[in-house]
Amino acid sequence: MSMTDTTVVGTAAIPGPATPYQGDIARYWDHEARPVNLRLGDVDGLYHHHYGIGDVDHAALGAPGDSEREKKVIAELHRLESAQTDVLLDNLGDIRPEHTLVDAGCGRGGSMVMAHRRFGCKVEGVTLSAKQAEFGNRRARELGIEDSIRAQVCNMLDMPFETGRARASWNNESSMYVDLQDLFAEHSRILSVGGRYVTITGCWNPIYGQPSKWVSQINAHFECNIHSRREYLRAMADNRLVPQAVIDLTPATLPYWELRATSSLVTGIEEAFISSYKDGSFQYLLIAADRV
């Protein structure tokens with residue numbers, strides 16, 4: 001799938017969307033400014049677009065009547081977000097400073113910054129949103145790491161990287177916006193043989209039978225198309241990506257959602273996540289696969 005109708009923004013050429021749906025997604029994220037994303041990032045300057053995992057540190061929240069409690073809740077939610085990225089990075093394998101990593105669907109770039117800080121290597125990000133890329137690149141300049149981190153506006157199904165360039169790549173809660181066969185074919189192309197692909201994603205559980213009403217609500221809320229666990233594994237197998245780990249993070253993400261539901265940052269989708277995780281119709285998975 002190729003990008004068309006290039007628009008120039010400043011000095012950067014911004015490819016237009018290849019399909020009307022991609023145009024809808026680009027507009028959605030260009031206009032997205034939810035406090036749940038921005039206020040959490042304001043805690044330490046790492047702006048994520050994913051959820052959190054791990055047990056809540058209730059001692060850090062203070063007493064229910066504490067005037068600083070809401071601020072402490074926000075800090076704790078952000079800590080759990082970054083803990084999720086740490087788990088993703090833990091599963092990238094042996095990464096060295098000379099390697100290149102690719103974040104497909106990079107959002108505002110928080111995971112890229114964390115990856116560079118950990119491994120000291122170059123990190124390339126792609127997003128359909130010009131606003132997100134602009135934000136991430138500005139943060140890289142502010143941190144003095146613009147030579148190592150770059151976000152580009154492009155289609156993750158047609159990334160501007162030569163074949164075999166990346167040692168590792170990932171999708172962190174972004175794979176539900178594309179066809180998985182096309183996505184994994186592209187990751188397989190850009191990865192070196194022996195390279196590692198990791199995804200953390202919500203997926204509907206085929207054992208449940210069909211996507212539940214909660215999954216349908218999540219799709220409508222984010223204008224996405226959640227895939228089943230079975231679809232992920234099948235599409236990987238078809239594209240030379242061999243799973244090395246499949247980790248069910250569902251129990252680990254519930255504390256994040258239950259805490260978020262008590263905060264000032266609720267968006268109305270919290271019940272769908274909590275209910276679908278509890279009834280088993282929805283799962284939060286990490287899949288790590290090697291390119292063969």
With side chains defined as the heavy atoms from C-beta onward, is the minimum distance between [X] and [Y] less than 4.5 Å?
X: Ile53; Y: Ile200; answer: no
X: Thr201; Y: His227; answer: no
X: Val43; Y: Glu81; answer: no
X: Leu89; Y: Phe119; answer: yes
X: Val126; Y: Phe161; answer: yes
X: Met156; Y: Asn171; answer: yes
X: Asn91; Y: Val87; answer: yes
X: Ser111; Y: His50; answer: yes

Is there a donor-acceptor pair closer than 3.5 Å between any side-chain N or O of [X] and the backbone N or O of [Y]?
X: Ser82; Y: Arg79; result: no
X: Ser174; Y: Ala104; result: yes
X: Glu76; Y: Asp57; result: yes
X: Ser276; Y: Phe273; result: yes
X: Arg141; Y: Glu146; result: no
X: Ser263; Y: Arg260; result: yes
X: Asn205; Y: Gln283; result: no

How long is the gap from [atom1] on [X] to [atom2] on [Y], to the nearest 0.5 Å?
X: Gln22; Y: Tyr177; atom1: CD; atom2: OH; value: 13.0 Å
X: Gln244; Y: Ile287; atom1: CD; atom2: CD1; value: 12.5 Å
X: Ser264; Y: Arg69; atom1: OG; atom2: CZ; value: 12.0 Å
X: Trp170; Y: Ser175; atom1: CH2; atom2: OG; value: 14.5 Å
X: Leu233; Y: Asp238; atom1: CG; atom2: CG; value: 11.0 Å
X: Arg165; Y: Glu124; atom1: CZ; atom2: CD; value: 4.5 Å

Compare every heavy atom of [Y] with every heavy atom of [X], then report the nearest pair and how far apart it is.
X: Val73; Y: Leu61; value: CA-CD2, 3.8 Å
X: Ser281; Y: Val215; value: O-CG2, 4.2 Å
X: Gly54; Y: Pro255; value: O-CB, 3.5 Å
X: Phe282; Y: Trp204; value: CD1-N, 4.1 Å
X: Gly107; Y: Thr127; value: N-CB, 4.5 Å
X: Pro206; Y: Ser228; value: CD-CB, 4.5 Å

Pairing residues for [X] by the ring-ring contact (aromatic ring centres under 6.0 Å, His included) criterion, not counting sequence neighbours:
X: Tyr284; answer: none
X: His49; answer: Trp29
X: His116; answer: none

Can you name the residues that form a side chain to side chain contact (heavy atoms under 4.5 Å, CB included) with [X], not counting sequence neighbours?
X: Asp42; result: Tyr47
X: Ser275; result: Trp214, Glu271
X: Ala151; result: Cys106, Met112, Ala133, Asn137

Shared hydrophobic cluster, [X] / [Y] (ILVMFWY, side-chain heavy atoms < 4.5 Å):
X: Phe222; Y: Val266; answer: no
X: Ile269; Y: Ile74; answer: yes
X: Val56; Y: Ile274; answer: yes
X: Ile218; Y: Tyr21; answer: yes

*Lys NZ or Arg CZ of Arg229 over Tyr232 ring: under 6.0 Å, within 45°*: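 Pair Arg229/Tyr232 does not count as cation-pi.
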*So, Gln84 versus Asn172: side-chain donor-acceptor pair below 3.5 Å or not?*
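The criterion, which ignores hydrogens and geometry beyond distance, is satisfied for Asn172 and Gln84.
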With [X], which residues qualify under salt bridge (charged side-chain N to carboxylate O under 4.0 Å, His left out), at least two apart?
X: Arg196; value: Asp290
X: Asp66; value: Lys72
X: Glu258; value: Lys278
X: Arg240; value: none

*asked:* Go through it in stages, so that I can follow the logic: the residues are Asp90 and Arg118, the test is salt bridge (charged side-chain N to carboxylate O under 4.0 Å, His left out), and I'd like the CA-CA distance, side-chain angles, deciding distance and then a yes or no.
replied: CA-CA 10 Å; Asp90 289 344; Arg118 181 186 291 206; 2.7 Å; yes
*Hey, what else clusters with Val292 if you join Ile, Leu, Val, Met, Phe, Trp, Tyr whenever side-chain heavy atoms sit under 4.5 Å?*
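Direct or chained contacts put Val292 with Val242.
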*Give a yes or no on whether a salt bridge exists between Arg189 and Asp158, defined as a side-chain N under 4.0 angstrom from a carboxylate O.*
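Salt bridge between Arg189 and Asp158, a charged N being under 4.0 Å from a carboxylate O: no.
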_Whether Arg139 and Glu142 form a salt bridge (side-chain N of Lys/Arg under 4.0 Å from carboxylate O of Asp/Glu) is what I want to check._
yes
*Would the number of heavy atoms belonging to other residues, nucleotides or ligands and lying under 6.0 Å from CZ of Arg138 be above 12?*
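Yes, enclosed.
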*asked:* Heavy-atom count check: over 12 atoms from other residues, nucleotides or ligands less than 6.0 Å from Ile247 CD1?
replied: yes
*Go through the steps to decide whether Arg27 and Asp30 satisfy the test salt bridge (charged side-chain N to carboxylate O under 4.0 Å, His left out), and finish with yes or no.*
CA-CA 5 Å; Arg27 282 187 291 274; Asp30 276 344; over 6 Å; no
*How are the rings of Tyr197 and Phe184 set relative to one another: parallel (under 30°), tilted (30 to 60°) or perpendicular (over 60°)?*
perpendicular
*Please walk me through it: do Asn239 and His187 pass side-chain hydrogen bond (donor to acceptor under 3.5 Å, both in side chains)?*
CA-CA 9 Å; Asn239 289 285; His187 278 285; over 6 Å; no
Acceptor/donor pairs from residues 92-100 side chains to any protein atom, 3.5 angstrom cut, sequence neighbours excluded:
| unit_1 | atom_1 | unit_2 | atom_2 | d |
| --- | --- | --- | --- | --- |
| Asp94 | OD2 | Arg96 | NE | 3.2 |
| Asp94 | OD2 | Arg96 | NH2 | 2.9 |
| His99 | ND1 | Arg96 | N | 2.9 |

